[in-house]
Amino acid sequence: MKINAILPDKGRDLRLDLFRGIANWAIFLDHIPDNVVNWITTRNYGFSDAADLFVFISGYTASFVYARMMIERGFIVGATRLTKRVWQLYVAHVILFVIYIVSISYLAQRFADSELINEFNVAGLVDHATQTLGQGLLLKFKPVNLDVLPLYIVLMGFFPPVLWLMLRQPDLTMLASIVLWLLARHFGWNFNAYPAGAWYFDPYCWQVIFVFGSWCALGGARRAAWIINSSAALYLGIAYLIFALIMTFAGRFPDFGAMFPQWLYSAFNPNDKTYMAPYRFIHFIVIAMLVVRFIPKDWPALQWKGFDPAIVCGQQSLAVFCVGVFLSFVAHFTLTLSFGSLFTQIVVSLAGITIMTIVAYYISWSKRQDKPAAKAAKPPAAPAVPT
C-alpha cells in the first residue's frame, strides 16, 4: 500500500521538548492538593490540562521517531523498536510503583497515619498484598496519581498497527480513532480497575488525542494549514478559549457558577476527564492550532536560555515524570505536616521543580559522557596494506 503520510522534517523540534517539560512540571503541581502554586497551571483556565498535552506530544513524538524507521526498515523492525520502548515504560512504572507504595506504607507507619494509606488507595496491600501487587503488575491496581504512565504504556503497546495504518491512510485512521472514541463514550467502554471501578483515563477515549498527535506529525497539521491560518479559525478559537475560561471559573467558584443557567453549568461541570469530553478535546485542538500558528519550529525565542530548564526536562521526559510523581507525594505529605502554610506550599513546589530539573540535567550530561566513550572504545581501522 502506498505511503500517503508526510514525514516530519528531520531534526529536533524544540517546541515539543519545551511544552513536554512544562507539562511535566504542571502534572507535578496538579498532583499536590491544596497548593496555591498549582493555580498557575492550565487546568484552572480551560477544559484541557497538562495530561492532554503530555498524551498528545507522546503520540506526536512516537510517530516522529518510529515512522521513518518503519518505512525504511519495515514494519517488524519498527514494531520491535516500539515494543522495546513499551518495555522501558513498563519497567519505569514498576520501579515507580514499588518505590511509591513502600514510601506511603513507611510514612503511614512511621507517623501512625492510617488515613494516608486510604488517601493514596493502597489499603488493599494490607489485607491482600500478593493479589494487589499482582494486579499492579497487570496495570489494574494503581495508587493515586499513578494513572498517566499505564495509559501511555497501553497506547504505545497498541501503536504499531495504528502507525502502519497512519502512514498509508492518515485521514481514515484519524477518523477511525474518532469513531472509537465516540462509541466508547456512548457505551461506557473502559478498562477494569482493581479492586473495583474503571481506569481514571479511559484508554478507548484517550487514544483519540494520542492518535491526533500522530496525525499532526505525519502531515495532518500541514494539510490543515489553510484552516489554522484563517481569520475565522483565529477568532472562533479565541472566543472558545474565553468561553472555556468562563465555564471553568464557574466550576471553581460556586457564587460565579450560580449566575448561569443550570443546563449550561452542568454541561461543562464537572469536567469529564475520564471519557475525554468533546468540549475538552476541542479545547486542546484550539490551543494546538494557536501554538502552531504563532510559534513556528524556527521561533528564535526557543534558543533563549531561560527556556533551557523546561526543554531539558522535556528531553528527559520519562525520568522527570517519574520523579515528579514521587515528589508530588512527598510534597503533599510535607504540606500535611506543616498544616499547609503558604510559605511551605511555595517552597515545596519550587523545590520539586528544581529537583526534577537537576535530574534532567544530570541524565542529559550523563548521556553526553557516554557518546565520546563509545567512540573511543571503537577499535582503530587497520592500516592499508600497500600493493
Side-chain angles (χ1 to χ4, degrees), residues 20 23 26-27 30-31 41-43 46-63 82 86 89-90 93 121 138-142 144-163 165-166 169-194 196-218 220 240 244 247-248 251 266-289 321:
R20 185 159 52 181
I27 289 172
D30 288 341
H31 282 171
T41 66
T42 56
R43 73 171 182 176
F47 298 136
S48 62
D49 59 25
D52 307 63
L53 178 59
F54 183 88
V55 174
F56 170 82
I57 294 178
S58 298
Y60 193 109
T61 54
S63 298
L82 275 166
V86 172
L89 295 172
Y90 180 75
H93 170 72
N121 190 35
L138 295 174
L139 306 181
K140 289 186 175 182
F141 169 70
K142 296 182 291 293
V144 172
N145 296 336
L146 261 65
D147 301 283
V148 176
L149 201 50
L151 171 69
Y152 188 16
I153 292 169
V154 169
L155 295 178
M156 286 289 284
F158 286 98
F159 193 55
V162 174
L163 181 57
L165 290 171
M166 183 67 75
Q169 295 292 339
D171 294 338
L172 187 61
T173 305
M174 186 69 246
L175 178 61
S177 173
I178 293 173
V179 170
L180 175 59
W181 163 52
L182 295 177
L183 288 174
R185 281 186 53 82
H186 179 74
F187 292 106
W189 297 341
N190 199 346
F191 285 21
N192 292 327
Y194 178 87
W199 282 33
Y200 182 69
F201 294 101
D202 179 6
Y204 292 116
C205 293
W206 276 77
Q207 55 78 28
V208 73
I209 198 166
F210 187 87
V211 175
F212 177 62
S214 174
W215 180 80
C216 289
L218 298 178
Y240 187 76
M247 287 295 100
T248 302
S266 60
F268 302 98
N269 292 286
N271 190 324
D272 184 4
K273 189 171 185 176
T274 295
Y275 294 100
M276 180 60 70
Y279 55 79
R280 186 184 183 97
F281 186 36
I282 294 171
H283 183 262
F284 180 82
I285 291 175
V286 171
I287 293 176
M289 177 190 71
F321 173 83

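Here D30 contributes atom CG and T42 contributes atom OG1; the two are 7.0 Å apart, rounded to the nearest 0.5 Å. Rounding to the nearest 0.5 angstrom, the gap separating the CD atom in Q207 from the OG atom in S214 is 11.5 Å. Rounding to the nearest 0.5 Å gives a distance of 6.5 Å between CG of L218 and CG of L163. Here W199 contributes atom CH2 and N190 contributes atom CG; the two are 8.5 Å apart, rounded to the nearest 0.5 Å. Summarising the geometry, atom CE belonging to M276 is positioned 8.5 Å from atom CZ belonging to F284; distances are rounded to the nearest 0.5 Å. Rounded to the nearest 0.5 angstrom, S58 OG and R20 CZ are separated by 6.5 Å.
Of all the heavy atoms in A23 and A50, the pair that sits closest is O-CB, 3.7 Å. Nearest heavy-atom pair, N269 versus M247, reported as atom, atom and distance to 0.1 Å: ND2-O, 3.2 Å. Between F56 and C216 the shortest heavy-atom distance is CE1-SG, 4.0 Å. Minimum heavy-atom separation, D202 to A184: OD2-CB, 4.3 Å. Across every non-hydrogen atom of T274 and C205, the tightest pair is O-CB, 4.4 Å. Closest of all the heavy-atom pairs between M156 and F210 is SD-CZ, 3.7 Å.
With hydrogens and angles disregarded, a donor-acceptor distance shorter than 3.5 Å links the side chain of Y279 to the backbone of D272. Under a 3.5 Å cut-off, the side chain of S177 and the backbone N or O of T173 do not form any donor-acceptor pair. Under a 3.5 Å cut-off, the side chain of N271 and the backbone N or O of F47 do form a donor-acceptor pair.
No side-chain heavy atom of L182 sits less than 4.5 Å from a side-chain heavy atom of H186. Within the 4.5 Å cutoff, no side-chain heavy atoms of P203 are placed close to those of F158. Side-chain contact between K142 and P150 is present, with at least one heavy-atom pair separated by less than 4.5 Å. A heavy-atom distance below 4.5 Å is not found between the side chains of F321 and Y152. Under the 4.5 Å side-chain criterion, counting only non-hydrogen atoms from C-beta, L180 is not in contact with V208.
W215 and D171 form a side-chain donor-acceptor contact under 3.5 Å, judged by distance and modelled atom types alone.
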Verdict with supporting geometry, F212 and I285, side-chain contact (heavy atoms from CB on, under 4.5 Å): CA-CA 9 Å; F212 177 62; I285 291 175; 3.9 Å; yes

Exercise. I would like to know whether V144 and H31 meet side-chain contact (heavy atoms from CB on, under 4.5 Å); could you show each step before the answer?
Key: CA-CA 9 Å; V144 172; H31 282 171; over 6 Å; no

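Aromatic ring centres of Y204 and F191 lie closer together than 6.0 Å.
Taking the six-membered ring where the residue is Trp, H283 and Y240 present tilted rings, their angle falling between 30° and 60°. Aromatic ring pairs are classed by plane angle as parallel below 30°, tilted from 30° to 60° and perpendicular above 60°; the pair H93 and Y90 is tilted. A perpendicular orientation is assigned to the rings of W181 and F281, their planes being inclined by more than 60° (bins at 30° and 60°).
D52 has no carboxylate O lying under 4.0 Å from a charged side-chain N of K273, or vice versa, which leaves the two without a salt bridge.
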